[in-house]
Amino acid sequence: MLLHNFTNNYEGVERSVDVYKEQGHFELQMSHDGIMVGTRIIKDHSESYAEDAAENYVFGMYELNEREKITI
């Protein structure tokens, strides 16, 4: 179930995160300019923690690690 969407233009790239509530965890789906680049799973934390993580991502405060990135 989609809870929130966060979007920001960071260094010329529109970074977007959709925050989903799944059974037992939150799933953050990250996109750059509308193209999905990866997913971060957040377990054992609150919804506000997941929201903060999404907001921090769109503002460029961290990048996905290699195992979170989508490989094509």
Side-chain angles (χ1 to χ4, degrees):
M1 170 166 135
L2 178 64
L3 298 176
H4 307 282
N5 173 272
F6 295 85
T7 303
N8 183 50
N9 190 308
Y10 177 74
E11 294 184 345
V13 175
E14 183 181 272
R15 293 169 72 120
S16 178
V17 179
D18 290 331
V19 179
Y20 290 90
K21 172 71 172 156
E22 300 295 336
Q23 188 172 358
H25 69 274
F26 294 94
E27 186 172 310
L28 280 57
Q29 295 183 357
M30 283 79 160
S31 300
H32 290 184
D33 291 331
I35 299 169
M36 181 115 160
V37 295
T39 301
R40 177 164 281 189
I41 302 297
I42 297 181
K43 297 179 181 179
D44 302 323
H45 289 284
S46 66
E47 182 176 339
S48 50
Y49 181 95
E51 291 171 346
D52 288 347
E55 190 171 63
N56 289 343
Y57 183 79
V58 299
F59 285 109
M61 298 178 79
Y62 71 90
E63 298 297 328
L64 294 171
N65 63 47
E66 289 304 313
R67 69 175 192 269
E68 295 171 323
K69 292 179 183 177
I70 292 175
T71 55
I72 299 173

- Got a sec, which residues hit side chain to side chain donor-acceptor pair (under 3.5 Å) with His4, two or more places apart in sequence or on another chain? Glu47, Glu51
- Query: Roughly how far apart are Asp44 CG and His25 NE2, rounded to 0.5 Å?
  - Reply: 11.5 Å
- The residue among Asn8, Asn5, Asp33 that forms side-chain hydrogen bond (donor to acceptor under 3.5 Å, both in side chains) with Ser16 is Asn5
- What closest approach, in Å, do Ala50 and Leu28 show between heavy atoms, and which atom pair accounts for it? O-CD2, 3.8 Å
- Query: Do you know the tightest heavy-atom contact between Ile42 and Ala53?
  - Reply: CD1-CB, 3.8 Å
- Here the pair of heavy atoms bringing Ser31 nearest to Met36 is OG-CA, 3.7 Å
- Item | Rounded distance (nearest 0.5 Å) linking atom CG of Asn56 with atom CZ of Phe6 | 10.0 Å
- Query: Are Val17 and Tyr20 joined in one hydrophobic group, where the rule is that I, L, V, M, F, W and Y side chains link up if heavy atoms are under 4.5 Å apart?
  - Reply: no
- Message: Taking the ring centre of each residue, are Tyr10 and Phe59 less than 6.0 Å apart?
- Response: no
- Task: Indicate if Tyr62 and Val13 have the same hydrophobic cluster label, given that clusters are the connected sets of ILVMFWY residues with side-chain heavy-atom separations under 4.5 angstrom.
- Result: no
- Full working for side-chain contact (heavy atoms from CB on, under 4.5 Å) between Arg40 and Asn65: CA-CA 9 Å; Arg40 177 164 281 189; Asn65 63 47; 4.3 Å; yes
- Message: Please determine whether a side-chain nitrogen of the Lys or Arg among Lys43 and Glu22 lies less than 4.0 Å from a carboxylate oxygen of the Asp or Glu.
- Response: no
- Task: Check whether any side-chain heavy atom of Thr39 lies under 4.5 Å from a side-chain heavy atom of Gln29, and answer yes or no.
- Result: yes
- Query: With sequence neighbours left out, what residues match Glu11 under side chain to side chain donor-acceptor pair (under 3.5 Å)?
  - Reply: none
- Item | Gap between atom CZ of Phe26 and atom OH of Tyr49 - 0.5 Å precision | 12.0 Å
- Leu64 CG to His32 NE2 distance, which is reported to the nearest 0.5 Å: 6.5 Å
- Distance, nearest 0.5 Å, that separates CG of Leu2 from NZ of Lys21: 14.0 Å
- Supply the atom-to-atom distance Lys69 NZ to Met30 CE, rounded to the nearest 0.5 angstrom. 11.5 Å
